[in-house]
Amino acid sequence: MVWEIELALFGLLVLSAVVALSLRDLIAAVAALSVYSFMAAALLAMMGAVDVALTEAALGAGITVVLFIGAISVMHRRSVD
Amino acid sequence: MTEQHDSIILNFVVRVLLVPFIFVFGLYVLVHGEASPGGGFQAGAIVAAGLVLARLTAGAEHGESRLSTGVLVWLASAGITIYLVTGIVPMLMGASYLDYGVLPLEWFNAVAGHERTNRAMGIFIVEAGIFMGVFSVLVIMYDHLTQRLSDD
Amino acid sequence: MRWLTAVLLIPLAALLIYVSGDLPDRGDPDAPANLHISPELVALTERDIKIPNLVSAVLADVRGYDTLGETLVIFTAGLAVLLVLMRGPRRADGTRPSANTRSGPSARSRDR
């Protein structure tokens with residue numbers, strides 16, 4: 001039962017990473033990156049590394065998103081490549 | 001991102017429901033860092049996330065006046081100093097740097113009424129220093145990134 | 001360029017997936033990573049520190065010097081953010097100094 005959940009989480013992890021890379025709108029990319037961080041935190045918690053999962057959830061899915069959006073809103077919103 | 005929001009629902013949910021819960025959970029993670037998963041770094045990140053959430057809803061005018069950058073820089077420096085002094089005190093007592101085993105903390109067991117080794121209490125002191133440092137640095141980063149938005 | 005990337009990366013991914021079958025199971029007590037120094041750390045925590053959280057014991061006591069450097073790195077990052085993004089004080093008429101002199105310690109000391 002556990003490995004199916006982990007497989008689904010891992011699929012969402014890879015999917016959100018690909019979406020974050022392919023989006024042109026940087027704020028949407030930051031939202032996808034937040035999903036990536038949360039999936040990584042859930043996977044780490046399932047592996048038993050709860051300390052790392054706490055850090056990943058608080059920093060990766062919480063603070064980093066706010067800092068990214070703050071940095072993006074003082075420059076151009078769209079990526080050029 | 002830095003303007004004040006007047007929505008009653010937003011203010012109630014953030015100020016009454018979320019932020020106090022996040023603060024208490026962060027302090028729980030700090031204090032129970034020795035017994036359950038957690039520690040200074042995680043607690044600092046959680047409490048800083050709560051404060052950033054409060055500042056996002058309160059806006060730039062009200063947010064920064066309560067905990068200014070000067071106070072935060074002092075707090076971060078105090079955290080680092082706590083860590084360094086906790087390392088230096090065992091050197092003065094004849095052990096090596098950061099060897100908490102010889103810290104003069106036995107009296108605390110009599111006051112608090114539980115059995116803890118010196119090393120466990122040294123770990124807690126160090127974690128408190130890490131907490132202050134990480135918390136202040138994260139809030140400083142948020143303040144100065146959004147300062148540009150509110151000034152222009 | 002795209003097909004070259006695919007030609008390089010797909011065999012690499014296949015190789016990594018093939019090799020990962022030989023890795024020990026997660027949490028295997030007989031894995032090489034769990035045989036060398038982990039038993040000593042567990043014994044040291046039970047004997048000297050007496051706290052349940054092994055991770056905190058290793059991070060803050062056994063590897064205390066490492067964590068001190070980590071905290072100093074974070075502190076330095078905060079100071080760097082302050083120095084790069086901090087603006088000088090407002091002038092008497094309420095305006096900020098102009099754009100190319102508005103940040104950094106030299107601009108602030110000149111304003112005083």
Side-chain angles (χ1 to χ4, degrees), chain B residues 32-42 44-45 69 72-73 75-77 79-84 86-87 90 96-101 115-148 151-152, chain C residues 27 40-91 93-105 107-108 111-112:
Chain B
H32 280 241
E34 311 155 12
S36 61
F41 196 86
Q42 289 90 344
T69 302
L72 286 170
V73 171
L75 209 62
S77 314
I80 296 289
T81 312
I82 286 174
Y83 205 145
L84 290 171
T86 316
S96 47
Y97 192 66
L98 285 171
D99 188 0
Y100 314 128
E115 281 300 313
R116 268 191 190 166
T117 57
N118 275 349
R119 289 183 171 270
M121 287 188 274
I123 287 174
F124 177 73
I125 294 171
V126 159
E127 302 260 19
I130 300 173
F131 166 76
M132 290 160 69
V134 171
F135 163 73
S136 343
V137 163
L138 287 175
V139 177
I140 284 172
M141 283 183 180
Y142 169 76
D143 279 351
H144 285 267
L145 261 180
T146 53
Q147 193 187 4
R148 309 219 142 196
D151 278 359
D152 293 338
Chain C
E40 295 174 32
L41 289 179
V42 173
L44 181 96
T45 307
E46 279 183 359
R47 192 183 66 234
D48 282 350
I49 310 178
K50 292 194 178 71
I51 60 175
N53 189 357
L54 195 61
V55 180
S56 281
V58 171
L59 270 184
D61 195 345
V62 185
R63 304 266 184 272
Y65 204 70
D66 187 58
T67 311
L68 173 62
E70 214 172 281
T71 317
L72 279 174
V73 165
I74 293 169
F75 182 65
T76 315
L79 285 191
V81 166
L82 260 183
L83 288 179
V84 171
L85 292 180
M86 188 166 61
R87 292 182 163 184
R90 282 179 196 273
R91 287 177 177 156
D93 54 353
T95 60
R96 299 275 185 189
S98 64
N100 50 355
T101 64
R102 67 185 178 193
S103 64
R108 286 179 60 237
D111 278 337
R112 274 183 195 141

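Proteins come first, then strands; the chains are lettered A, B, ... in the order of their sequence lines, and each starts at number 1.
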Task: Atom of B:Glu34, atom of C:Pro52 and distance for their closest heavy-atom approach - done: O-CD, 3.3 Å
- [ ] Could you please spell out the steps behind the side chain to side chain contact (heavy atoms under 4.5 Å, CB included) verdict for C:Thr67 and B:Val126?
- [x] CA-CA 10 Å; C:Thr67 311; B:Val126 159; 5.6 Å; no
TODO: Flag the pair C:Phe75 / B:Ser136 as yes when at least one side-chain heavy-atom distance between them is below 4.5 Å, and no otherwise.
DONE: no
Open item on the list: Looking only at heavy atoms and a cut-off of under 4.5 Å, which of B:Gly87, B:Ser36, B:Gly129 has the most pairs with chain C?
Closed with: B:Ser36
Task: Check: B:Thr117 and C:Asp48 side chains under 4.5 Å, non-hydrogen atoms - done: no
Open item on the list: I'd like to know whether OH of C:Tyr65 has more than 12 heavy-atom contacts from other residues, nucleotides or ligands below 6.0 angstrom.
Closed with: no
TODO: Output the option from B:Gly101, B:Ser77, B:Gly133 having the highest count of non-hydrogen pairs under 4.5 Å with chain C.
DONE: B:Ser77
Open item on the list: Minimum heavy-atom separation for C:Asn53 and B:Gly33, please, with both atom names.
Closed with: ND2-O, 2.9 Å
Task: Choice from C:Leu68, C:Thr71, C:Ile74, C:Leu72 maximising heavy atom contacts with chain B below 4.5 Å - done: C:Leu68
TODO: Please determine, among C:Leu54, C:Leu82, C:Leu79, the option with the most heavy-atom pairs under 4.5 Å with chain B.
DONE: C:Leu82
Task: Heavy-atom closest pair, residues C:Ala60 and B:Ile123 - done: CB-CG2, 3.8 Å
TODO: Just give me the residue among B:Ile140, B:Val73, B:Ile80 that pairs up with chain C most often, heavy atom to heavy atom, under 4.5 Å.
DONE: B:Ile80
- [ ] Using non-hydrogen atoms and a 4.5 Å limit, figure out which bit of B:Leu72 sits close to chain C: side chain, backbone, both or neither.
- [x] neither
Open item on the list: If I take atom CZ from residue C:Arg63 and atom CG from residue B:Leu98, how far apart are they, to the nearest 0.5 angstrom?
Closed with: 13.0 Å
